[in-house]
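The structure displayed is predicted, hence computed values, not measured ones.
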Amino acid sequence: MTDARLREALEAKEFILAPGVFDLISALIADRLGFKALYVTGYGTVASHLGLPDAGIATYRDMIERIGQIVKMTKTPVIADADTGYGGLLNVRHTVRGYEEAGVTAIQIEDQEFPKKCGHTPNRRVIALEDMVRKVKVASDARSSRDFLIIARTDARTSLGLDEALRRGEAYREAGADIVFIESPESEEEMQRIAGQIKAPLFANMVNGGRTPLLSAERLQALGYAIAIHPALGFLSVGAALDKAYRDLRDNGITSPQIDLYSFAEFNKLLGFEDVWDFERRYSEI
């Protein structure tokens, strides 16, 4: 059964702030902090799993196995990136059914040509509006529960301009999308225009170092947005921490006191070692 909490939060006009997670460690840590949703980032998951760019290289199978495990090990509703749906209309139907069966709460599908690219990188091309409308209709019809939310993303702003992105956003809403995601607006004024024109719950992508200005949750809600994701926060902060710690070890031959470390005892607890030790105590004499 699909988790209804995200739909209920949207209907109650509660703002949804979701950190980006990209592996089980990031997901387990974020899951403990009281967010209304977690966002499984395609960029971060592909980087973590394959060490490659988010450029259409990862397959449906690469993603669904990792997303499914994140859902299984967490309690927070999960929003998951599904790129273009991994192909044509039949692929979109298969993807929606697979993500819903895995326990995902909301799926994000975009209108880029295949192979797709990260939405804050250059040279993205979009498919015809009519082709994406069909994908949204298929996605909407393929789900078994209305609690499973369809997020329709357009990347048209960068290549075709804001007017075309707005036209597409409205068309995708009419086709059955629950949430509209106009990727990479380039100013707060553009975001305000989007919120004034699209009559649907809106999705904001707050990428550190990306094309869109970073705004607080309070400001985004005031503009009229319903959801904000911070997809890069996790892997960028982990990257910085690892670079600092590994350089420190290389230079000093030991971990210096200035390196901040997660408590080993707390990490054991995070991963469930206490249950393992309890099991061993209970059954060691059998």
Student: Using 4.0 Å as the upper bound for N to carboxylate O, is an ion pair formed by R193 and D163?
Tutor: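 Yes, this pair counts.
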Student: Once rounded to the nearest 0.5 Å, what's the spacing between atom NZ of K36 and atom CD1 of I16?
Tutor: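 Interatomic distance, K36 NZ to I16 CD1, rounded to 0.5 Å: 7.5 Å.
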Student: Could you go through the side chain to side chain contact (heavy atoms under 4.5 Å, CB included) check for L38 and I79 one step at a time?
Tutor: CA-CA 6 Å; L38 306 179; I79 304 168; over 6 Å; no
Student: Would you say the side chain of N268 lies within less than 4.5 Å of the side chain of W277, judging by non-hydrogen atoms?
Tutor: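 The answer is yes; the side chains approach within 4.5 Å.
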Student: At their closest point, which heavy atom of T95 faces which heavy atom of G85, and how far apart are they?
Tutor: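 Heavy-atom minimum between the residues: OG1-O, 3.0 Å.
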Student: May I ask you to decide whether D260 forms a salt bridge with K244, counting only side-chain N to carboxylate O separations under 4.0 Å?
Tutor: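 Judged by the 4.0 Å cut-off on N to carboxylate O distance, D260 and K244 do not form a salt bridge.
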Student: Please check if any side-chain donor atom of Y246 sits under 3.5 Å from a side-chain acceptor atom of R250, or the reverse.
Tutor: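 No, because no side-chain N or O of Y246 sits under 3.5 Å from a partner of the opposite role on R250.
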Student: Taking G88's backbone N and O only, do any of them form a donor-acceptor pair with N91's side chain (distance below 3.5 Å, no angle check)?
Tutor: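 Here the side-chain-to-backbone pair exists.
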Student: If you link ILVMFWY side chains whenever their heavy atoms are less than 4.5 Å apart, which other residues fall into the same cluster as L233? By chain and number, please.
Tutor: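 Reading the cluster by chain and number, L233 sits alone, since nothing else belongs.
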Student: Tell me if the CG atom of L52 is crowded by more than 12 foreign heavy atoms within 6.0 Å.
Tutor: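 Buried by this count: over 12 neighbours within 6.0 Å.
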Student: Would S284 and R281 count as having a side-chain donor-acceptor pair, cut-off 3.5 Å?
Tutor: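 There is no such pair (donor and acceptor under 3.5 Å, judged by atom type) between the side chains of S284 and R281.
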Student: Determine whether R97 and E101 make a side-chain contact, defined as any pair of heavy atoms from C-beta on separated by less than 4.5 Å.
Tutor: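 The answer is no; the side chains never approach within 4.5 Å.
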Student: Are V96 and Y86 co-members of a hydrophobic cluster defined by side-chain heavy atoms under 4.5 Å apart?
Tutor: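 Yes; tracing contacts between hydrophobic side chains, which count when under 4.5 Å, links both residues.
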Student: Can you confirm whether V104 sits close enough to I67 that some side-chain heavy atom of one is under 4.5 Å from a side-chain heavy atom of the other?
Tutor: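 V104 vs I67: side chains touch.
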Student: State whether R153 and D155 are salt-bridged, where the test is any N-O pair (Lys NZ or Arg NE/NH1/NH2 against Asp/Glu carboxylate O) under 4.0 Å.
Tutor: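 Salt bridge flag = yes for D155 with R153.
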Student: Identify, with sequence neighbours excluded, every residue that meets side chain to side chain donor-acceptor pair (under 3.5 Å) alongside R173.
Tutor: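 If we apply the side chain to side chain donor-acceptor pair (under 3.5 Å) test to R173, skipping adjacent residues, there are no hits.
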Student: Please round to the nearest 0.5 Å and tell me the distance separating atom CD1 of I127 and atom CD of E110.
Tutor: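 The CD atom of E110 is 10.0 Å from CD1 of I127, to the nearest 0.5 Å.
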Student: Under 4.0 Å between a side-chain nitrogen and a carboxylate oxygen: does that hold for D178 and R143?
Tutor: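 Looking at D178 and R143, the cut-off is met.
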Student: Same hydrophobic cluster for I194 and L160, using side-chain heavy-atom links shorter than 4.5 Å among ILVMFWY?
Tutor: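 No.
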Student: Can a salt bridge be assigned to the pair E183 and R211 using a cut-off of 4.0 Å between side-chain N and carboxylate O?
Tutor: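 So E183 does not pair with R211 through a salt bridge.
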Student: So which atom in A152 and which in A177 form the shortest heavy-atom distance, rounded to 0.1 Å?
Tutor: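 The answer is CB-CB, 3.6 Å.
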Student: Could you go through E65 and R61, starting from their C-alpha distance and side-chain angles, then the distance that decides it, and tell me whether this counts as side chain to side chain contact (heavy atoms under 4.5 Å, CB included)?
Tutor: CA-CA 6 Å; E65 290 176 354; R61 185 55 53 192; 3.1 Å; yes
Student: Under a 3.5 Å distance rule, please check whether Y99 uses its side chain to pair with a backbone N or O of F148 as donor and acceptor.
Tutor: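 It does not hold such a pair.
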Student: Within the side chain of D278, is there an N or O that forms a donor-acceptor pair under 3.5 Å with the backbone of E274?
Tutor: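 Side chain of D278 to backbone of E274, a donor-acceptor pair under 3.5 Å: no, none is there.
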Student: Is it the case that one hydrophobic cluster holds both V136 and F181, taking links as side-chain heavy atoms less than 4.5 Å apart, direct or via other members?
Tutor: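 Different clusters: V136 never reaches F181 through Ile, Leu, Val, Met, Phe, Trp or Tyr contacts under 4.5 Å.
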Student: With distance as the sole criterion, is a donor-acceptor pair present between the side chains of T158 and S184 under 3.5 Å?
Tutor: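 S184 and T158 do have a side-chain donor-acceptor pair below 3.5 Å.
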Student: Give every donor-acceptor pair under 3.5 Å between a side-chain atom in residues 23-35 and any protein atom, sequence neighbours left out.
Tutor:
unit_1 : atom_1 : unit_2 : atom_2 : d
D23    : OD1    : I25    : N      : 3.3
D23    : OD1    : S26    : N      : 2.8
D23    : OD1    : S26    : OG     : 2.8
S26    : OG     : F22    : N      : 2.9
S26    : OG     : D23    : N      : 3.1
S26    : OG     : D23    : O      : 3.0
D31    : OD1    : K75    : N      : 3.0
D31    : OD1    : T76    : N      : 3.0
D31    : OD1    : T76    : OG1    : 2.5
D31    : OD2    : K75    : N      : 3.2
R32    : NH1    : Y262   : OH     : 2.9

Student: Are V92 and I64 co-members of a hydrophobic cluster defined by side-chain heavy atoms under 4.5 Å apart?
Tutor: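 Yes, I64 connects to V92 through the hydrophobic network.
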Student: Given the rule that I, L, V, M, F, W and Y join up when any side-chain heavy atoms are under 4.5 Å apart, are Y39 and V78 in one cluster?
Tutor: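 The answer is no; the residues belong to distinct hydrophobic clusters.
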Student: For T2, give me all partners under side chain to side chain donor-acceptor pair (under 3.5 Å), at least two apart in sequence or on another chain.
Tutor: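 Expected list: E100.
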Student: Is the closest side-chain heavy-atom distance between L261 and I259 below 4.5 Å?
Tutor: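 The answer is yes; the side chains approach within 4.5 Å.
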Student: Any salt bridge between E8 and R5, counting N to O under 4.0 Å?
Tutor: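 Looking at E8 and R5, the cut-off is not met.
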Student: State, to 0.1 Å, how close P185 and R157 come at their nearest heavy-atom pair, and which atoms those are.
Tutor: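 The pair with the smallest heavy-atom distance is CA-CG, 4.3 Å.
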Student: Any side-chain to backbone donor/acceptor pair from S256 onto Q258? Under 3.5 Å, distance only.
Tutor: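 It does not hold such a pair.
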Student: Applying ring-ring contact (aromatic ring centres under 6.0 Å, His included), run through Y43 and F235 and close with a yes or a no.
Tutor: CA-CA 9 Å; Y43 186 118; F235 61 78; 5.0 Å; yes
Student: Go through the steps for I179 and I150 under the test side chain to side chain contact (heavy atoms under 4.5 Å, CB included), then give the verdict.
Tutor: CA-CA 6 Å; I179 299 160; I150 307 299; over 6 Å; no
Student: Please enumerate all residues that pass side chain to side chain contact (heavy atoms under 4.5 Å, CB included) together with S237, with sequence neighbours excluded.
Tutor: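 Expected list: none.
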Student: State the CD-OG1 distance between Q108 and T84, to the nearest 0.5 angstrom.
Tutor: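 Between atom CD of Q108 and atom OG1 of T84 there are 11.0 Å.
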Student: Walk me through whether D81 and T41 qualify under side chain to side chain contact (heavy atoms under 4.5 Å, CB included).
Tutor: CA-CA 6 Å; D81 186 356; T41 157; 5.7 Å; no
Student: Contact between D147 and L149 at the side-chain level, heavy atoms closer than 4.5 Å - yes or no?
Tutor: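 No, too far: nothing below the 4.5 Å cut-off.
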Student: Give, for atom CD of E174 and atom NZ of K199, the distance between the pair rounded to the nearest 0.5 Å.
Tutor: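 Nearest 0.5 Å value for the CD-NZ distance: 13.5 Å.
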Student: Between atom CG of D248 and atom OG1 of T255, what is the distance when rounded to the nearest 0.5 Å?
Tutor: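 It is 6.5 Å, given to the nearest 0.5 Å.
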Student: Under 4.0 Å between a side-chain nitrogen and a carboxylate oxygen: does that hold for K135 and D131?
Tutor: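 No salt bridge links K135 with D131.
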Student: Has E14 got more than 12 heavy atoms of other residues, nucleotides or ligands less than 6.0 Å from its CD?
Tutor: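 Correct, the count exceeds 12.
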Student: Please tabulate, one pair per line, all N/O donor-acceptor pairs under 3.5 Å involving side-chain atoms of residues 217-230, not counting sequence neighbours.
Tutor:
unit_1 : atom_1 : unit_2 : atom_2 : d
R219   : NE     : E188   : OE2    : 2.6
R219   : NH2    : E188   : OE2    : 2.7
Y225   : OH     : M191   : O      : 3.4

Student: Looking at N205, T45, V40, which hits side chain to side chain contact (heavy atoms under 4.5 Å, CB included) with P231?
Tutor: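 Between P231 and the candidates, side chain to side chain contact (heavy atoms under 4.5 Å, CB included) is satisfied uniquely by N205.
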Student: Given the rule in the side chain to side chain donor-acceptor pair (under 3.5 Å) test, do D111 and Y172 qualify, once you have shown the distances and angles that lead to the verdict?
Tutor: CA-CA 10 Å; D111 62 3; Y172 302 163; 2.7 Å; yes
Student: Taking atom types as modelled, find out whether D3 and T105 have a side-chain donor-acceptor pair closer than 3.5 angstrom.
Tutor: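 The criterion, which ignores hydrogens and geometry beyond distance, is not satisfied for T105 and D3.
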Student: Of all the heavy-atom pairs spanning E186 and P213, show the shortest one and how long it is.
Tutor: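 E186 and P213 have their closest heavy atoms at C-CD, 4.0 Å.
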Student: Would you indicate whether the side-chain heavy atoms of I151 and I107 approach each other to under 4.5 Å?
Tutor: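 Answer no - side chains too far apart.
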Student: I need the minimum non-hydrogen distance between T154 and A156, along with the two atoms involved.
Tutor: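 Reported closest heavy-atom pair: OG1-N, 3.1 Å.
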